[in-house]
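Below: the structure, in structure tokens.
For ligands, and for the atoms within them, numbers begin at 1 and follow the listed sequence. None of these values were measured; they are calculated from a predicted model.
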Amino acid sequence: MQNFIFRNPTKIIFGEGQIAALNAEIPPDARVLITSGGGSVKSNGVLAQVQAALGERAWFVFGGIEPNPIYETLMQAVAMAREKNIDFLLAVGGGSVIDGTKFIAAALKFDGEPWDILEKQAEVRDAMPFGSVLTLPATGSEMNSGSVISHRARGDKLPFNSEATYPRFSVLDPTTTYSLPPRQIANGVVDAFVHIVEQYLTYPVGASVQDRFAEGLLITLTEVGPQALDEPHNYEVRANLMWAATMALNGLIGAGVPQDWATHMLGHEITALHGLDHAQTLAIVLPAMLSVRREEKRAKLLQYAERVWNITRGSEEDRITGAITATRVFFERLTVGTRLRDYKIGGASIGTLVAKLEEHGMTALGEHGGVTPEVARQVYQMSV
Ligand code: NZQ
Ligand code: ZN
């Protein structure tokens with residue numbers, strides 16, 4: 001196992017009816033800016049529950065944060081927060097709303113042009129305190145310090161993270177997910193699955209605890225993913241999906257092990273160029289990424305085949321191919337297409353995708369730094 005420091009300061013408040021607990025988590029004299037997306041939290045009643053919990057506090061709402069949150073919109077929220085003298089932010093929604101709120105929180109305390117936080121990876125030393133009410137199990141943003149922001153004018157989608165951008169608390173009420181359309185449930189399962197794979201499917205370092213946690217989460221997702229689509233109001237299923245997605249990216253399984261993240265970085269470029277959902281890009285890139293890098297990942301691919309997919313027969317090559325195929329079949333069973341052509345995209349943009357990776361300095365991705373622009377090109381080509 002590699003050396004590590006692990007600390008996660010986010011308090012999780014889990015379960016049905018827990019939105020009311022907001023009252024005890026936010027200072028009584030706070031001036032709160034509620035941030036939200038395109039309207040789902042209004043129609044499913046979550047916003048009304050939040051407002052009831054805030055009671056007599058002064059609160060305001062900034063709506064309209066898009067999926068794949070956009071810098072230009074978030075800067076409007078920054079202006080509103082300044083104008084209203086806000087001192088606490090409350091994200092109510094999915095990963096995009098929470099990511100967007102992390103950026104707003106950082107931008108409010110940042111000296112200079114906030115886009116530098118993404119483009120130049122300028123250090124974020126301070127951020128306005130914020131909490132979240134999660135409505136979409138997927139990203140883990142509710143219990144991590146990461147955020148991914150898009151710049152419409154530049155066609156960029158870039159990540160940042162900082163110790164200052166952990167939520168103070170996150171409320172996870174599985175019943176808030178009942179209103180999710182099947183496409184977003186499927187996306188969430190795929191995203192969480194790939195987060196685990198990025199931290200697990202690298203090379204062995206003798207980290208049995210992390211491996212077994214990761215395998216348990218992967219198997220849980222293979223079980224509850226299809227059930228969540230079949231039985232949208234099954235509380236037990238939604239609760240397990242929600243907690244698995246949070247545990248997939250809160251630092252626990254990634255501590256002390258090598259991490260990959262090349263699939264995510266190649267996926268971000270597809271979203272920036274073609275507008276696909278985040279998870280759709282991962283479902284496209286991952287099977288191709290594993291195929292192209294099967295030698296580098298051989299030992300872990302064999303372990304993944306056996307322990308997650310129960311593939312124990314045949315040659316090593318057969319077992320590895322079987323595990324990659326099982327992964328693809330799982331995504332497709334959730335109705336998430338695994339090839340660019342499923343989204344009516346051909347190979348014509350591959351040159352642009354690779355050039356964007358280079359422009360963003362992403363020329364040595366993966367756990368060994370071996371995903372060069374040439375390897376990325378092979379992966380994109382294989383994913384057509
Ligand atoms: O905008 P509203 O109206 O709220 O609708 C949203 C949106 O259209 C809808 N939705 C959310 N909760 C709902 C609901 N509809 C009905 N009922 C509910 N309970 O779902 C749609 C998608 O929402 P979004 O927040 O965009 O999805 P997700 O949570 O998958 O977030 C994706 C974003 O997170 C980033 C992605 O790149 C992408 O920008 N990621 C963030 C990470 C992190 N912070 O650690 C890691 C991930 O790898 C990922 O990159
Ligand atoms: Zn992701």
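- Closest protein heavy atom to atom 12 (N) of ligand 1: Thr135 OG1, 2.8 Å.
- Distances below 4.0 Å separate heavy atoms of Asn68 from the following atoms of ligand 1: 38 (C), 39 (O).
- Ranking protein heavy atoms by distance to atom 6 (C) of ligand 1, first place goes to Ser40 OG, 4.4 Å.
- A distance below 6.0 Å separates the ring centres of His264 and His278.
- Ring geometry for Phe169 versus Phe88: interplanar angle under 30°, hence parallel rather than tilted (30 to 60°).
- Among protein heavy atoms, the minimum distance from atom 34 (O) of ligand 1 is reached at Thr139 CG2, 3.3 Å.
- Evaluated by nearest non-hydrogen atom to atom 16 (C) of ligand 1, the leading choice among Gly94, Ser179, Ala245 is Ser179.
- Not a single heavy atom of Ser36 sits less than 4.0 Å from an atom of ligand 1.
- Residue, atom and distance of the protein heavy atom nearest to atom 19 (N) of ligand 1 are Thr176 O, 2.9 Å.
- No N or O atom of Lys102 sits closer than 3.5 Å to an N or O atom of ligand 1.
- Residue, atom and distance of the protein heavy atom nearest to atom 35 (C) of ligand 1 are Asp99 OD2, 3.5 Å.
- Within the 3.5 Å criterion, the main-chain N or O of Val148 finds no donor-acceptor partner in the side chain of Lys157.
- Ligand-side atoms of ligand 1 in range of Pro69: 39 (O), range being under 4.0 angstrom from any heavy atom.
- Of all the atoms in ligand 1, the ones that sit under 4.0 Å from a non-hydrogen atom of His268 are 50 (O).
- Across the listed options Pro67, Ser96, Ala91, Ser96 owns the non-hydrogen atom lying nearest to atom 33 (C) of ligand 1.
- Under 4.0 angstrom from ligand 1, the non-hydrogen atoms of Asp191 all belong to its side chain.
- For a threshold of 3.5 Å applied to N or O pairs, the pair formed by His264 and ligand 1 contains at least one separation below that value.
- Nearest to atom 30 (O) of ligand 1 among the protein's heavy atoms is Ala138 CB, 3.9 Å.
- Under the 4.0 Å criterion applied to side-chain N and carboxylate O atoms, Glu231 and Arg238 are not assigned as salt-bridge partners.
- Closest approach of Leu221 and Ala244 over heavy atoms only: CD2-CB, 4.0 Å.
- In terms of polar-atom proximity, Gly95 is counted as a contact of ligand 1, with an N or O under 3.5 Å from an N or O of the ligand.
- At a 3.5 angstrom cut-off on N or O pairs, Pro181 does not count as close to ligand 1.
- Considering backbone and side-chain atoms together, Gly146 places an N or O closer than 3.5 Å to an N or O of ligand 1.
- Below 30°, between 30° and 60°, or above 60°: for Tyr203 and His368 the angle between ring planes is below 30°, a parallel geometry.
- Residue, atom and distance of the protein heavy atom nearest to atom 2 (P) of ligand 1 are Gly38 N, 3.2 Å.
- Here Leu340 contributes atom CG and Gln280 contributes atom CD; the two are 11.0 Å apart, rounded to the nearest 0.5 Å.
- At least one N or O atom of Gly39 sits closer than 3.5 Å to an N or O atom of ligand 1.
- Using cut-offs of 30° and 60° on the angle between ring planes, the pair Trp243 and Phe14 is perpendicular.
- Each of Gln199, Arg293, Met265 was scored for a side-chain contact (heavy atoms from CB on, under 4.5 Å) with Asp260, with one residue passing: Arg293.
- Counting heavy atoms only, Lys157 comes closest to atom 37 (O) of ligand 1 of the residues Glu198, His195, Lys157.
- For the pair OD1 of Asp191 and NE2 of His195, the angle whose vertex sits at the Zn ion (ligand 2) is 80° to 10 degrees.
- You'll find the ring centres of Phe193 and Phe330 inside the 6.0 Å limit.
- Which of Thr165, Asn187, Leu136 comes nearest to atom 27 (O) of ligand 1 through a heavy atom is settled by distance: it is Leu136.
- When only non-hydrogen protein atoms are considered, atom 13 (C) of ligand 1 lies nearest to Leu180 CD2, 3.2 Å.
- In this structure, Asn44 counts as a contact residue of ligand 1, since one of its heavy atoms falls inside 4.0 Å of the ligand.
- Relative to the six-membered ring of Tyr200, Lys300 meets both conditions, a distance below 6.0 Å and an angle of at most 45° to the axis.
- Side-chain N or O atoms of Gln184 include none that pairs as donor or acceptor with a backbone N or O of Leu180 at under 3.5 Å.
- Under the 30°/60° scheme for interplanar angles, the aromatic rings of Phe160 and Phe103 are found to stand perpendicular.
- Of all the heavy atoms in Thr139 and Gly95, the pair that sits closest is OG1-CA, 3.6 Å.
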